[in-house]
Chemist: 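Got a structure for you, questions after.
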Amino acid sequence: MSYNHHQIDAKWQAYWDKHKTFKTPGLSDKPKYYVLDMFPYPSGQGLHVGHPKGYVGSDIIARYKRMQGFDVLHPMGWDAFGLPTERQASKENKHPAEITRRNTDTFRQQLKQIGLSYDWDREIDTSQPDYYKWTQWIFLKLYQKGLAYQAEVPVNWCPALGTVLANEEVKDGVYVETGDVVEKRLMKQWMLKITEYADRLLEDLDGLDWPESVKEMQRHWIGKSEGARIRFAVAEHDNTHFEVFTTRPDTLFGCSYCVLAPEHPLVQSITSAEQREAVESYVENTLKQSERERTQKTEKTGVFTGAYALNPVNGEEVPIWIADYVLASYGTGAVFACPAHDERDWEFAAKFDLPLIEVVEGGKIEEAAYTGDGKHINSEFLNGMKIEAAKRHMIKWLSENGCGEGETQYRLRDWLFSRQRYWGEPFPVIELEDGSLFLEEEGDLPVALPHLDDLSPTPDGQPPLARATQWREVTLPDGRKGLRETNTMPQWAGSCWYYLRFLDPLNDKFPWDAALEQRWMPVDLYVGGTEHATLHLLYARFWHKVLFDLGLVSSKEPFQKLFNQGKIQARSYRDGRGKYYYPHEVEARDGEYFVKGSDTLLETRIEKMSKSKHNVVTPDETIAEYGADSLRLYEVFMGPLEDDAIWQTENMSGVRRFLERTWRLYFPEKPVKGGETPLQLERLLHKTIQKVTEDLEQMHPNTAISAMMIFVNEATRLGYLPDNMKKPLALMLAPFAPHVAEEFWESLGQKTSIALAPWPAFDPEMVLDKNIEIPVQVNGKMRGTIEVRAGASENEARSVAEDDENIGKHLSGLEVVKVIFKTDRMLNFVVRPPKKD
RNA sequence: GCGGGUGUGGCGGAAUGGCAGACGCGCCAGACUUAGGAUCUGGUGUCUUCGGACGUGGAGGUUCAAGUCCUCUCACCCGCACCA
């Protein structure tokens with residue numbers, strides 16, 4: 001009987017389905033483990049082999065934990081609302097729901113053939129009314145808590161997409177996902193007050209078992225900075241003043257000018273007649289530049305307004321400039337400049353020949369701004385103090401004199417929460433004729449998306465939902481009339497709480513049951529890509545904290561441990577004209593790549609898999625050729641789970657051979673005698689169990705597989721696998737290659753799934769060898785190895801070493817100065833030529 | 001520029017401060033067979049006077065001992081980027 005993966009894969013996948021092997025257990029006293037994958041957006045492209053890397057990694061852990069006796073929750077679902085589906089629907093003239101169903105069917109089928117141990121009865125789809133009903137419900141909670149509001153705000157309008165984007169989705173003036181240009185526009189939008197939670201989002205990061213890089217990214221994104229707000233009066237303009245924010249109030253005596261952002265509201269009124277032309281042209285020029293151009297230039301520019309500000313601390317008059325290095329959107333849109341101790345101000349002052357006033361000792365301010373610590377000088381009541389003390393004194397002075405106060409600023413802004421799209425959650429909001437807002441009653445949810453044939457914006461620029469006039473026009477029971485909100489929620493909304501719905505996906509009375517929430521939360525292991533480091537993970541933490549404050553969840557944080565799997569990339573080939581070639585059209589010669597049978601030289605790159613680059617490998621094709629277990633093994637054997645890796649299908653033959661070798665140990669081609677159980681192999685088995693167990697605890701599947709390969713190679717060399725080792729090996733293999741493991745298990749007469757069998761234990765006695773080979777060094781150089789009994793003393797080891805021919809040679813005629821000995825580890829002689837008397 | 005990370009054979013990668021290169025791919029040789037991309041066995045960092053010498057991006061340092069710790073430096077990757 002040879003290994004036929006088609007048959008084996010199908011047999012056990014059907015078995016797991018039929019027996020509901022991975023059904024989540026109900027409430028019990030056993031320890032629980034919630035392993036969650038970041039659920040996918042079901043795109044029309046289907047999965048490529050890069051997607052399952054994290055899924056396989058988390059599935060190995062889920063299966064391992066089950067075997068260890070944990071109750072495991074391991075669900076999967078679809079983040080199904082979103083723009084690409086809406087666009088595909090328009091293109092095909094179909095409804096987005098139909099496209100979504102088609103895509104989720106593909107994804108589900110693709111995932112099932114990998115043998116992932118999801119509880120498919122908990123599958124959720126964020127675009128289904130019975131799901132988004134509760135997304136709307138949470139929105140009501142946010143609104144009732146005063147965390148959702150409408151505002152006329154400058155938004156990131158993306159003409160190509162016909163919608164607005166959150167700040168986080170825009171970088172360098174383009175949409176990070178597609179590269180489409182984004183422009184600023186003033187629009188009335190829904191906002192969520194995430195800033196109210198900034199401090200808690202920052203502080204609670206400390207207790208999380210997350211990669212430090214992700215925590216660092218979130219800290220930076222929140223961008224807390226402490227300092228002071230200071231009021232400057234404008235000279236010769238009665239009752240006119242502006243405020244600046246600074247983190248260095250201690251340098252106020254060093255202020256030699258002030259700068260307003262070109263967009264600052266005061267610019268118009270304070271500009272002098274002589275400077276008006278220059279100022280207006282500078283402002284106009286600035287506004288014309290895209291955000292991208294503005295952030296990419298390095299040279300400082302600016303214009304004097306002709307007005308002067310009064311430094312509150314000493315009454316000095318300083319010129320007020322405008323410059324685009326001051327951003328309207330951060331702080332107060334104005335700064336006081338202390339060029340001696342701030343690099344940007346120093347550059348600006350150097351360019352426009354503005355004075356430097358040194359107020360902190362220690363630098364050479366003629367050469368560069370000095371930002372280090374030192375004693376204050378030229379600062380009256382601050383003289384002699386170091387920075388920290390001086391800051392405190394200045395803030396005290398400012399508040400006592402009514403011209404400022406301590407303040408904390410955040411980079412984080414409120415979350416722009418509306419989109420002008422069809423395929424998203426409708427807001428449960430009606431605007432009444434008198435202009436007031438009416439929020440739907442909880443019992444009336446969901447506000448279902450109306451059916452629309454045309455998903456484009458209206459001719460007058462309103463969102464698609466404005467086309468659903470019947471749906472939109474509402475008369476309340478009391479006779480009041482109004483119009484429904486036509487914006488929809490952004491895609492992030494559904495993913496902000498899906499991990500909670502998995503606890504209780506069919507509940508139609510509550511979003512989740514309180515007892516189940518207490519049983520399963522928080523998520524013990526959350527696996528996904530780094531691309532969600534600041535968006536999804538920050539938004540979800542924010543919602544979770546709100547739910548916590550409402551008493552709806554019992555943990556402060558949703559995801560206790562986060563693991564980022566590495567990306568899988570693939571080689572792409574293209575010719576001088578930019579045409580891409582498939583790998584099968586390419587051949588390598590002398591380290592270069594050519595179109596097969598021609599001299600057309602190809603440029604090769606490692607890139608993200610994409611259809612247009614002709615470098616996509618699908619799980620379907622690799623499973624067809626090698627089987628699901630080989631795919632699973634290769635996904636995690638390539639290297640550390642957290643590292644990026646390059647996909648090379650040819651290399652799958654290694655793990656496939658391993659499975660076949662293992663298969664022959666259970667189903668030998670020729671009858672073997674067997675019977676004997678060599679002690680060496682017995683010891684190796686226990687060492688292997690130990691190694692695999694430890695590696696799983698540390699999420700190192702690659703080295704665990706390596707250990708099992710060593711064991712299987714050893715048994716193959718012996719010629720058979722002793723009967724008493726057949727169960728432990730199958731059990732160890734089960735999380736990694738579950739289909740063959742089930743087959744082995746069944747062949748051993750077992751009637752129930754190996755997935756629920758107990759994880760094998762190793763005998764601590766058996767992993768310790770009786771005799772140990774230890775390295776011997778002379779002056780730190782390897783000179784051989786000796787075999788000693790375990791736990792041998794220094795003297796024993798030393799005498800064995802000195803008797804060794806080769807080692808003895810390196811010691812002869814030399815004086816041993818020192819011997820370093822670590823029991824069972826190593827022996828080192830430190831020697832030198834003998835002293836001549 | 002700032003923050004984080006990574007540099008090890010032909011390739012992917014292993015190594016609690018203690019035998020560098022486990023395991024896998026590829027390659028070489030052999031066995032069985034003989035047209036098979038099957039299986040098994042052995043070999044595979046470089047140089048070598050066969051004693052050994054050198055070797056983890058580069059240069060120093062700490063240590064009996066460094067891929068691992070420290071300092072400097074180079075290259076690449078990721079994130080942020082005038083945040084006052």
Side-chain angles (χ1 to χ4, degrees), chain A residues 2 171-172 211-217 219-221 223-225 227-228 244-249 251 258-259 261 294-300 323-327 329-338 342-345 347-348 409-412 530-531 533-534 564 567 591 606 633-634 637-640 642-648 650-658 660-661 664 669 691 700 702-710 712-713 716-717 719 773-785 806 809-810 817-822 824-831:
Chain A
S2 67
K171 193 190 155 190
D172 295 337
E212 198 50 44
S213 60
V214 176
K215 290 206 233 179
E216 226 15 72
M217 273 192 243
R219 285 189 192 109
H220 181 257
W221 198 268
K224 180 177 183 169
S225 57
V244 302
F245 174 71
T246 180
T247 54
R248 291 293 303 275
T251 62
C258 285
V259 187
R294 200 166 149 180
T295 51
Q296 276 178 355
K297 69 180 199 186
T298 46
E299 183 85 350
K300 293 271 180 295
D324 63 4
Y325 81 91
V326 173
L327 308 176
S329 54
Y330 183 78
T332 59
V335 301
F336 84 76
C338 175
D342 180 281
E343 284 164 23
R344 295 153 302 182
D345 297 342
E347 268 181 55
F348 192 81
Q409 280 281 341
Y410 297 90
R411 199 184 104 104
L412 185 69
T530 42
E531 64 272 23
T534 46
N564 294 128
K567 284 188 291 291
I606 305 302
L633 285 173
Y634 183 57
F637 183 65
M638 300 172 79
E642 62 272 29
D643 284 5
D644 291 352
I646 299 165
W647 186 270
Q648 286 170 292
E650 319 83 78
N651 287 4
M652 282 185 67
S653 52
V655 292
R656 169 72 192 200
R657 282 203 273 260
F658 163 64
E660 288 184 350
R661 209 169 283 161
R664 286 193 296 272
E669 280 150 6
K691 172 75 176 154
H700 293 161
N702 53 328
T703 46
I705 293 167
S706 161
M708 288 187 283
M709 285 173 164
I710 292 169
V712 166
N713 288 346
T716 300
R717 211 159 281 137
E773 196 178 78
I774 63 173
V776 179
Q777 303 173 347
V778 177
N779 281 351
K781 292 204 189 287
M782 267 299 298
R783 295 302 176 189
T785 58
N806 192 41
K809 204 161 50 185
H810 285 94
V817 184
K818 198 173 170 187
V819 174
I820 298 175
F821 177 71
K822 300 272 175 185
D824 296 347
R825 300 293 294 168
M826 55 79 60
L827 177 66
N828 185 12
F829 294 93
V830 184
V831 300

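Just so you know, these numbers use all the heavy atoms, side chains as well, and skip hydrogens, waters and symmetry mates. Order of the sequence lines fixes the chain letters, A, B, ..., with proteins taken first and strands second; residue numbering starts at 1 for each chain.
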Chemist: Answer yes or no: does a side-chain N or O of A:Arg411 lie under 4.0 Å from OP1 or OP2 of B:A81?
Modeler: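 Affirmative; the distance criterion is met.
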
Chemist: If the glycosidic angle is within 90 degrees of 0 it's syn, otherwise anti, so just tell me which one B:G7 is.
Modeler: anti

Chemist: Determine the interatomic distance between P on B:A66 and the same-named atom on B:C54; round to the nearest Å.
Modeler: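 Nearest-Å result for B:A66 against B:C54 at atom P: 12 Å.
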
Chemist: Can you tell me which nucleotide in B:C25, B:C82, B:C23 comes closest to the side chain of A:Ser706?
Modeler: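 The answer is B:C23.
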
Chemist: Could you grab the distance from atom CD1 of A:Ile774 to atom CG of A:Asn828, nearest 0.5 Å is fine?
Modeler: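 If I round to the nearest 0.5 Å, the distance is 11.0 Å.
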
Chemist: Side chains of A:Val776 and A:Phe829, heavy atoms from C-beta outward: is any pair under 4.5 Å?
Modeler: yes

Chemist: Show me the dot-bracket string of RNA chain B, counting Watson-Crick or G-U pairs under 3.5 Å, with | for pairs to another strand and [ ] for crossing ones.
Modeler: (((((((..(((.....[....)))((((((.......))))))(((....)))..(((((..]....))))))))))))....

Chemist: What's the gap between B:C74 and B:G10 when it is taken at their C1' atoms, as a whole Å value?
Modeler: 24 Å

Chemist: When the P atoms of B:G26 and B:C32 are considered, how many whole Å apart are they?
Modeler: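 These two P atoms come out 24 Å apart once rounded.
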
Chemist: Can you check the distance between B:C69 and B:U62, where both ends of the measurement are the C1' atom (answer in whole Å)?
Modeler: 8 Å

Chemist: Work out how far the C1' atom of B:G79 is from that of B:A20, and round it to whole angstrom.
Modeler: 33 Å

Chemist: Tell me the interatomic distance from A:Tyr330, atom OH, to B:C80, atom C1', rounded to whole angstroms.
Modeler: 14 Å

Chemist: Without hydrogens or angle criteria, can the side chains of A:Arg783 and A:Asn806 be said to hold a donor-acceptor pair below 3.5 Å?
Modeler: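 Note: A:Arg783 and A:Asn806 side chains miss the donor-acceptor criterion.
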
Chemist: Can you give me the N/O atom pairs linking the protein to nucleotides 37-41 of chain B at distances under 3.5 Å, or say none if there are none?
Modeler:
from  : atom 1 : to       : atom 2 : distance (Å)
B:U39 : O3'    : A:Arg664 : NH2    : 2.9
B:C40 : OP1    : A:Arg661 : NE     : 3.0
B:C40 : OP1    : A:Arg664 : NH2    : 3.0

Chemist: Does the structure place the NZ or CZ of A:Lys300 under 6.0 Å from the centre of the six-membered ring of A:Tyr325, at an angle of no more than 45° from the ring's axis?
Modeler: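 Geometry flag: set, cation within 6.0 Å and 45°.
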
Chemist: Which value, in whole Å, describes the distance between the C1' atoms of nucleotides B:G24 and B:G13?
Modeler: 8 Å

Chemist: Polar-atom pairs under 3.5 Å, protein N or O versus N or O of nucleotides 13-15 of chain B: list them with distances, or write none.
Modeler:
from  : atom 1 : to       : atom 2 : distance (Å)
B:A14 : OP1    : A:Asn702 : ND2    : 3.3

Chemist: Does B:G9 count as syn, meaning its glycosidic angle lies within 90° of 0, or as anti?
Modeler: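 Chi for B:G9 falls in the syn range.
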
Chemist: With side-chain contact (heavy atoms from CB on, under 4.5 Å) as the test, would you mind laying out the steps for A:Asn779 and A:Val830 before giving the verdict?
Modeler: CA-CA 5 Å; A:Asn779 281 351; A:Val830 184; 3.9 Å; yes

Chemist: According to a strict under-4.0 Å criterion, is A:Thr332 in side-chain N/O contact with OP1 or OP2 of B:A84?
Modeler: no

Chemist: Would you say A:Trp647 and A:Met638 make side-chain contact, with heavy atoms under 4.5 Å?
Modeler: yes

Chemist: Does the plane of the ring in A:Phe245 sit parallel, tilted or perpendicular to the ring in A:Tyr330? Use 30° and 60° as the thresholds.
Modeler: perpendicular

Chemist: Does A:Glu531 CD have over 12 foreign heavy atoms under 6.0 Å away?
Modeler: yes

Chemist: If you find the nucleotide of RNA chain B closest to A:Ala334 and the one closest to A:Gln648, which residue's nucleotide is nearer the 5' end?
Modeler: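 Of the two residues, A:Gln648 wins.
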
Chemist: Which whole number of Å gives the distance between the P atom of B:C64 and that of B:G45?
Modeler: 32 Å

Chemist: In whole angstrom, what separates A:Lys567's NZ from B:C77's C1'?
Modeler: 9 Å

Chemist: Just jot down the ring pair (Phe, Tyr, Trp, His ring centres under 6.0 Å) partners of A:Tyr410, sequence neighbours excluded, or say none.
Modeler: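 Counting only residues at least two positions away or on another chain, A:Tyr410 forms no ring pair (Phe, Tyr, Trp, His ring centres under 6.0 Å).
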
Chemist: Quick check on RNA chain B: between A:Glu216 and A:Met709, whose nearest nucleotide comes earlier from the 5' end?
Modeler: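 Nearest-nucleotide comparison on RNA chain B picks A:Glu216.
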
Chemist: Heavy atoms only, 4.0 Å cut-off, all strands: where does A:Val776 land among base, sugar-phosphate and nothing?
Modeler: nothing

Chemist: Pick one: which of A:Val259, A:Leu327, A:Asp342 meets side-chain contact (heavy atoms from CB on, under 4.5 Å) with A:Val335?
Modeler: A:Val259

Chemist: Protein-nucleotides 48-56 of chain B N/O pairs closer than 3.5 Å?
Modeler:
from  : atom 1 : to       : atom 2 : distance (Å)
B:G52 : OP1    : A:Asn806 : OD1    : 3.4
B:A53 : OP1    : A:Arg783 : NH2    : 3.3

Chemist: Are any protein N/O atoms closer than 3.5 Å to N/O atoms in nucleotides 59-68 of chain B? If there are, list each pair with its distance.
Modeler:
from  : atom 1 : to       : atom 2 : distance (Å)
B:C64 : O2'    : A:Asn828 : ND2    : 3.4
B:C64 : O2     : A:Asn828 : ND2    : 2.5

Chemist: Roughly how far apart, to the nearest Å, are B:C70 and B:A53 at atom P?
Modeler: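 Pairwise P distance, B:C70 against B:A53, rounds to 29 Å.
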
